[in-house]
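Since the structure comes first, as structure tokens, the remarks are kept for the end.
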Amino acid sequence: MMKLVSLFILILSLFQGVSQEPKRVTVCETCELKSISEAIEIAADHDTIVVKKGTYKEFNILVDKPLTIIGENYPVIDGEDKGEIIRIVSDNVTIDGLFIINVGTSYTSDYAAIRVVKSEHFVIQNVVLEKLFFGIYLEKSNYGKVYHNKIIGDAVDEYNSGNGIQLWYSKHVEVEKNIVQHVRDGIYLEFSDDITIKENTSTDNLRYGLHFMFSNNDVYLNNVFENNGAGVAVMFSKRIKMIGNTFRKNWGTAAFGMLLKEINDAEISGNTFEENTIGINIEGSNRIAYKNNNFIKNGWAIKVLGACYTNTFSQNNFLYNSFDISYNSKLNDNVFDQNYWSDYTGYDLDKNGIGDVPYRPVKLFSYIVNKTPETIVLLRSLFMDIIDFSEKVSPVFTPDDLLDANPLMKKVL
């Protein structure tokens, strides 16, 4: 009988342990628990750790169980330049409302303010990161969200600076409403598929506002990339959608709004490319639909550097660019149809909104500048206008079939 009672008590206690509600663990400068690491050690799975306002000098904080860590009034986690600050190695972790500073700099390790390693179902939100090496680094981690964070670096040179948000071998992650400034690359992806990058602002970074390679089936919506060293680089990927983004004021001898290299089967629509040295620089990219984009006051709106086939350009606005299209080949396999060109001087006698005379967007002078960049000083000269006119009448150096047979008389709204 006693054995049965003991067994019943044991089963009851186990049941109560399993059904126990998650609890709140508080960390503060006057509490029993004064560090986040201590709180993680004593916390049970799925508990919430509340970090009160204050300054906590900690680094190498290891989150190895499912927890929610919330900061009240943005407590400061100061790594004192000693190394990585928070490393997550468990599923179902949320980091919310922390102010993290002074990540260590290393030439052999990519120290991050927050690193997520081989984890799933994570959330990093409402975090402010300053004085960092790498900001948020996702490594082989899936089904997570990086939301509404502010990452402000102090990068001066590329060799000793890291990226704001980096994804490596990660899938099904949402990166939304983040602000990233003054780092090497604002947002960087490598071998990361099915990612959504939405409504982020990436500005004033040393190299690229966005940089991704070998990453397929990704969607980039309504982001702003402005005043970055070289713009945005998109390489070796397929089935990409870039919709509603703004690429602005990326100036420099090697700068562009966006570089496309070895990109296939993509959609680029509803974007604005404004005041860049080159709006889009395209190389080895095929079967891309460019539609409803605005190219405004760029040096070159689009520069095509060979091996680009079966692309379509339709319903785009080309407004006041020095050169609309630059082409380095006499062969053309791309379609330009029903675009608006601010330099078009044709007429529309039947009043159907489409010009009666085809428009040739490639000027001979752009071909000359490609061969001899120093000739750009002659851009507004009468001599160059005469040369462009003669090439338009009888193409010799530019593709004779590269034309828009149905140029629009009014801008696409």
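Values below: every heavy atom of this structure, side chains too, minus hydrogens, waters and symmetry copies.
Tyr309 meets the ring pair (Phe, Tyr, Trp, His ring centres under 6.0 Å) test with no other residue; sequence neighbours excluded. Listed by chain and residue number, Phe212 satisfy the ring pair (Phe, Tyr, Trp, His ring centres under 6.0 Å) test with Tyr220 (two or more places apart in sequence, or in another chain). Applying the ring pair (Phe, Tyr, Trp, His ring centres under 6.0 Å) rule to Phe122 yields no partners; only residues at least two apart in sequence or on another chain are considered. Phe236 pairs by the ring pair (Phe, Tyr, Trp, His ring centres under 6.0 Å) definition with Phe214, not counting sequence neighbours. In this view, Asp337 and Asn406 satisfy the side-chain hydrogen bond (donor to acceptor under 3.5 Å, both in side chains) rule, not counting sequence neighbours. Judged as a side-chain contact (heavy atoms from CB on, under 4.5 Å), and not counting sequence neighbours, the contacts of Asn227 are Asp204. Residues forming a side-chain hydrogen bond (donor to acceptor under 3.5 Å, both in side chains) with Asn228 (at least two apart in sequence, or on another chain): Asn205. Residues passing the side-chain hydrogen bond (donor to acceptor under 3.5 Å, both in side chains) test with Lys177 are Glu199, sequence neighbours excluded.
The backbone N or O of Phe295 sits less than 3.5 Å from a side-chain atom of Asn321, completing a donor-acceptor pair. Side-chain atoms of Asn149 never come within 3.5 Å of backbone atoms of Val128 as a donor-acceptor pair (strictly under, hydrogens ignored). Checked by atom type and distance alone, the side chain of Asn334 never pairs as donor or acceptor with a backbone atom of Thr312 at under 3.5 Å. Here the side chain of Asp348 pairs a donor or acceptor atom with the backbone of Asn352 at under 3.5 angstrom.
Taking a cutoff of 4.0 Å between a charged side-chain nitrogen and a carboxylate oxygen, Asp265 and Arg287 qualify as a salt bridge. The residues Arg248 and Glu275 are annotated as not salt-bridged, no charged nitrogen and carboxylate oxygen being separated by less than 4.0 angstrom.
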Please list, one pair per line, the donor and acceptor atoms closer than 3.5 Å that link side chains of residues 134-142 to other protein atoms, with sequence neighbours excluded.
{"unit_1": "Tyr137", "atom_1": "OH", "unit_2": "Gln166", "atom_2": "NE2", "d": "3.2"}
{"unit_1": "Glu139", "atom_1": "OE1", "unit_2": "Arg115", "atom_2": "NH1", "d": "2.9"}
{"unit_1": "Ser141", "atom_1": "OG", "unit_2": "Val116", "atom_2": "O", "d": "3.2"}
{"unit_1": "Ser141", "atom_1": "OG", "unit_2": "Lys118", "atom_2": "N", "d": "3.1"}
{"unit_1": "Ser141", "atom_1": "OG", "unit_2": "Ser119", "atom_2": "N", "d": "3.2"}
{"unit_1": "Ser141", "atom_1": "OG", "unit_2": "Glu139", "atom_2": "O", "d": "3.0"}
{"unit_1": "Asn142", "atom_1": "OD1", "unit_2": "Lys171", "atom_2": "N", "d": "2.9"}

Side-chain polar contacts of residues 253-264 - donor-acceptor pairs under 3.5 angstrom, sequence neighbours left out - could you list them?
{"unit_1": "Lys261", "atom_1": "NZ", "unit_2": "Glu283", "atom_2": "OE2", "d": "3.3"}
{"unit_1": "Asn264", "atom_1": "OD1", "unit_2": "Asn286", "atom_2": "N", "d": "3.2"}
{"unit_1": "Asn264", "atom_1": "OD1", "unit_2": "Asn286", "atom_2": "ND2", "d": "3.1"}

Could you give the side-chain donor-acceptor pairs of residues 48-55 under 3.5 Å, partners two or more places apart or in another chain?
{"unit_1": "Lys52", "atom_1": "NZ", "unit_2": "Glu72", "atom_2": "OE1", "d": "3.0"}
{"unit_1": "Lys53", "atom_1": "NZ", "unit_2": "Asn73", "atom_2": "O", "d": "3.3"}

Would you tabulate the side-chain donor-acceptor contacts of residues 39-47 under 3.5 Å, counting partners in other chains and residues two or more places apart, or write 'none'?
{"unit_1": "Asp47", "atom_1": "OD1", "unit_2": "Lys23", "atom_2": "N", "d": "2.9"}
{"unit_1": "Asp47", "atom_1": "OD2", "unit_2": "Lys23", "atom_2": "NZ", "d": "2.8"}
{"unit_1": "Asp47", "atom_1": "OD2", "unit_2": "Ala44", "atom_2": "N", "d": "2.8"}

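In this structure, Asn102 and Glu80 have side chains that are not in contact, with every pair of non-hydrogen atoms separated by 4.5 Å or more. When side chains are defined from C-beta on, Ile86 counts as touching Val63, because their heavy atoms get closer than 4.5 Å. The shortest side-chain heavy-atom distance between Val76 and Ile101 falls under the 4.5 Å cut-off. Asn311 is listed as a side-chain neighbour of Tyr290, based on a closest heavy-atom distance under 4.5 Å.
Closest approach of Ile114 to Val127, counting heavy atoms only: CD1-CG1, 4.1 Å. Between Thr105 and Asn160 the shortest heavy-atom distance is CG2-O, 4.1 Å.
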Practice task
Could you walk me through whether Ser37 and Glu58 pass side-chain hydrogen bond (donor to acceptor under 3.5 Å, both in side chains), step by step?
Solution key: CA-CA 8 Å; Ser37 294; Glu58 298 186 59; 3.2 Å; yes
Practice task
Applying side-chain hydrogen bond (donor to acceptor under 3.5 Å, both in side chains), run through Asn217 and Asp193 and close with a yes or a no.
Solution key: CA-CA 6 Å; Asn217 304 305; Asp193 300 340; 5.4 Å; no
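Relative ring orientation between Phe336 and Trp341 is described as tilted, the plane-to-plane angle lying within the 30° to 60° band.
Gln125 and Asp96 share a donor-acceptor pair across their side chains, judged by distance under 3.5 Å alone.
Here the CD1-CG distance, from Ile354 to Asp356, works out to 9.5 Å after rounding to the nearest 0.5 Å.
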